[in-house]
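As a basis for the values below, the full set of heavy atoms in this structure was taken, side chains included, without hydrogen atoms, waters or symmetry mates. Protein chains get the first letters and strands the later ones, always in sequence-line order, with residue 1 at the start of each.
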Amino acid sequence: MAAGSGSLMWFRKGLRIHDNPALEYASKGSSFMYPVFVIDPHYMEPDPSAFSPGSTRAGINRIRFLLESLVDLDLNLKKLGSRLLVLKGEPSQVLTHCLKEWNVKKLCFEYDTEPYYQALDRSVKDYASSAGIEVFSPVSHTLFNPADIIEKNGGSPPRSYQSFLKLAGEPSWVSSPLSIRVSSLPPVGDVGSCEVSQVPTMEELGYVDNDQDELTPFRGGESEALKRMTESLSNKDWVANFEKPKGDPSAYLKPATTVLSPYLKFGCLSSRYFYQCLKGVYKNVKRHTLPPVSLGGQLLWRDFFYTVAFGTPNFAQMKGNGICKQIPWNDDEQLLAAWRDAKTGYPWIDAIMVQLRKWGWMHHLARHCVACFLTRGDLFVHWEKGRDVFERLLIDSDWAINNGNWLWLSCSSFFYQYNRIYSPISFGKKYDPKGNYIRHFLPILKDMPDEYIYEPWTAPLSIQTKAKCIIGRDYPKPG
DNA sequence: CAGGCGTTGCTGGA
DNA sequence: TCCAGCAACGCCTG
C-alpha cells in the first residue's frame, strides 16, 4: 500500500486538533496518516425499548452532540489537508482489519482510563505489538496522569480533594507551551477494501422517529468549544470571582456556569489548554477565587474523580467497592420511574428532570437536588439506578465524574453529612421565588400563582381550576 | 487515637 | 448578608 511510513490516528475522545499529542505524533514523519473514528454499536445502536429516544447507553442529545463534534473534526482536518474516516463495527475488529489493510507502522490514540477502553485498548495493543506496529498512547484527557498521583500516594488514590491537591501540585506542563496550532497534516492514504464513510446523520444511524419536542441548545465540536471558552474567559471579573456553590441552578437562559463540561467530556476542548488560558486570566487580575470553589478548582475536581475512579476496583457499583458505604437501598421501580419521568409531584424536582431529558444538561446544584431526592433525601432508591439515568441522558456524561458525584450525593463515599438534605421546596425558591424555571420546563404549571408554584398541592381547588391545572389529574400529587 | 475539618442544608434571628 | 444551632459522618493529620 503506502510506500514509506503510514500511521493510524484513532479518535475516541480527544475530538480536537489543538493540544492533541497523539495526533501530533501520528503526523510526525509519516507520509500517510489515517484519521479514524469507529462507530461502536455498543454505544450507538438505536434501542427502541429504552425509556427515551436513543441507544441503550446514550440519549439522542449526546449522540447528536457526538456527530456534530465529528463533523467539526472532519472540517478541521480538511483545512489541514486530511479528513476523518468513519468506520462501523466492534472497534478492535475494525482496527485490526485497518491496520492489516493499510500496512501502517504507527498506531496513535489518547490514553483512556475508563474500564471499557482499558479492556478494548489492551486487545488492540496486543494485536499491534504482535504485528510489530508501534503504539503511542499519551495521557492528554486530564491535567495529570491518574497513575502518577496514585503512585505518589503509595498505590492507592487520595480520597479527599485536599489531599489530592497536595499530591498533584502544579501540572508539569503548565509553564511550557502546549502544541495548539497545527499547520498541516500528512495526506490520507489509499483506504483499500475498508468500508469508510462520511460522518453519518442521525437518520443514517437509524434514529428515525425522534418524537422529542425540544433538543439541547448546545452544539458539539472543537470550534464551538473554543468559542465558548473564549467567551467565558473574556469576562475576567466573572472568572476571577467564580464560586461554584454560589451559582444559580435555576438560570437557564444564561446558565450560571461555562457549560464547557460536554466539550471536556468528548475532548473537543483540552482541559490542559483550558487550565493554561485560565492561568493567563488569573495572572492579570488583582485577586481571584481558589479551589475548591474557583473555576480552576472545577478542573481539579475533574482530575480528582478521574484519579479515584481509575484507582478503585468496582468504582461504578456499591458491591465490591472498597470506598463505598454499603447501604440497604430499596429497589422500587415505581419510585424510580416517577423520578425519571418527572412525575414526583415536586415541581422543582420534576422541572430539573425535564431539563435533563430535553437539554441533557442541568446546573450542578440542580443535579445535587434530584440526586439527593432519589437517594438519601426522599425515595431511598439505589444511587446506581439514578446514575444509569444520568449516564444515558447527560450530554456531558462522564464515567468517572458521574459515578463519583452519585457516590458523593448518596453519602456513599467522599461526603457523609447525611443530615444535610436539599429541600425539594425551599432550595429552588431561594433562587427563583417566582418559579420561572419551573414554568419553562413544566408548562402545565405556567399559570399557577407564585405562592403555590413550589407546592401546587396546597393550592385551593378554585386556584387550581383557574390555573388550568388540577393536582392529581393534570399534574401529580407527591407520593 | 483524638481532634480538626469538609466545594455548595435548613431554619430562624440579628 | 451573616451567624448559631441543629446533629454528627469519617478521612486526614499530628
Side-chain angles (χ1 to χ4, degrees), chain A residues 143 149-150 152-169 238-251 255-261 275 278 288-308 311-312 315 318 321-329 346 348-349 352 362-380 383 398 400-433 437 454-455:
Chain A
L143 304 177
I149 308 268
I150 291 165
K152 264 196 200 170
N153 198 41
S156 65
R159 287 215 247 163
S160 77
Y161 185 72
Q162 296 304 332
S163 50
F164 170 81
L165 288 186
K166 273 185 207 153
L167 288 161
W238 181 81
V239 172
N241 294 310
F242 185 91
E243 283 183 68
K244 186 68 165 282
K246 293 203 175 153
D248 176 358
S250 72
T257 54
T258 61
V259 198
L260 286 170
S261 53
Y275 190 86
L278 197 51
H288 60 81
T289 52
L290 294 167
V293 296
S294 63
L295 204 47
Q298 306 314 302
L299 278 172
L300 292 158
W301 275 108
R302 179 173 178 270
D303 264 59
F304 168 69
F305 284 124
Y306 266 86
T307 304
V308 191
T312 306
F315 183 70
M318 180 176 83
N321 179 344
I323 69 166
C324 179
K325 208 170 156 75
Q326 304 296 301
I327 295 170
W329 303 107
Y346 289 96
W348 172 246
I349 299 298
I352 295 167
M362 321 87 98
H363 185 274
H364 190 64
L365 288 177
R367 301 182 192 200
H368 277 212
C369 287
V370 294
C372 179
F373 186 87
L374 180 71
T375 57
R376 67 193 166 86
D378 282 76
L379 305 182
F380 217 69
W383 61 267
D398 184 300
I401 301 171
N402 190 35
N403 280 292
N405 277 302
W406 276 96
L407 285 163
W408 186 295
L409 261 297
S410 63
C411 283
S412 297
S413 198
F414 311 115
F415 174 82
Y416 307 92
Q417 286 167 287
Y418 52 76
N419 52 328
R420 293 193 187 170
I421 309 250
Y422 292 89
S423 162
I425 297 156
S426 56
F427 188 82
K429 213 185 263 183
K430 273 192 304 197
Y431 301 91
D432 182 16
Y437 174 83
Y454 284 87
E455 301 165 89

Without decimals, in angstroms, what is the distance between [X] [atom1] and [N] [atom2]?
X: A:Asn153; N: C:dC12; atom1: CG; atom2: C1'; value: 11 Å
X: A:Leu290; N: B:dG6; atom1: CG; atom2: P; value: 14 Å
X: A:Tyr431; N: C:dT1; atom1: OH; atom2: C1'; value: 14 Å

In whole angstrom, give me the gap between the C1' atoms of B:dC10 and C:dG10. 22 Å
Under 3.5 Å: donor-acceptor pair, side chain of [X], backbone of [Y]:
X: A:Asp303; Y: A:Leu143; value: yes
X: A:Asn321; Y: A:Ile323; value: yes
X: A:Tyr454; Y: A:Phe427; value: no
X: A:Gln326; Y: A:Met318; value: yes
X: A:Glu455; Y: A:Tyr346; value: no

Which one of A:Tyr418, A:Trp329, A:Phe373 satisfies the ring-ring contact (aromatic ring centres under 6.0 Å, His included) criterion with A:Phe380?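 Single pass found, and it is A:Trp329.
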Pick out the pairs of N or O atoms, protein on one side and nucleotides 7-10 of chain B on the other, that lie under 3.5 Å.
unit_1, atom_1, unit_2, atom_2, d
B:dT7, OP2, A:Gln162, NE2, 3.1
B:dT7, O2, A:Pro292, O, 3.3
B:dT7, N3, A:Trp301, NE1, 3.4
B:dT8, O2, A:Pro245, N, 2.8
B:dT8, O4, A:His364, NE2, 2.9
B:dG9, O3', A:Ile421, O, 3.2
B:dC10, OP1, A:Ser423, N, 2.9
B:dC10, OP2, A:Lys430, NZ, 3.1

Counting the atoms with a prime plus P, OP1 and OP2 as sugar-phosphate, which does A:Tyr418 contact under 4.0 Å by heavy atoms, base, sugar-phosphate, or nothing? sugar-phosphate
Could you tell me whether the phosphate oxygens of C:dC12, OP1 or OP2, come under 4.0 Å of any side-chain nitrogen or oxygen in A:Lys166? no
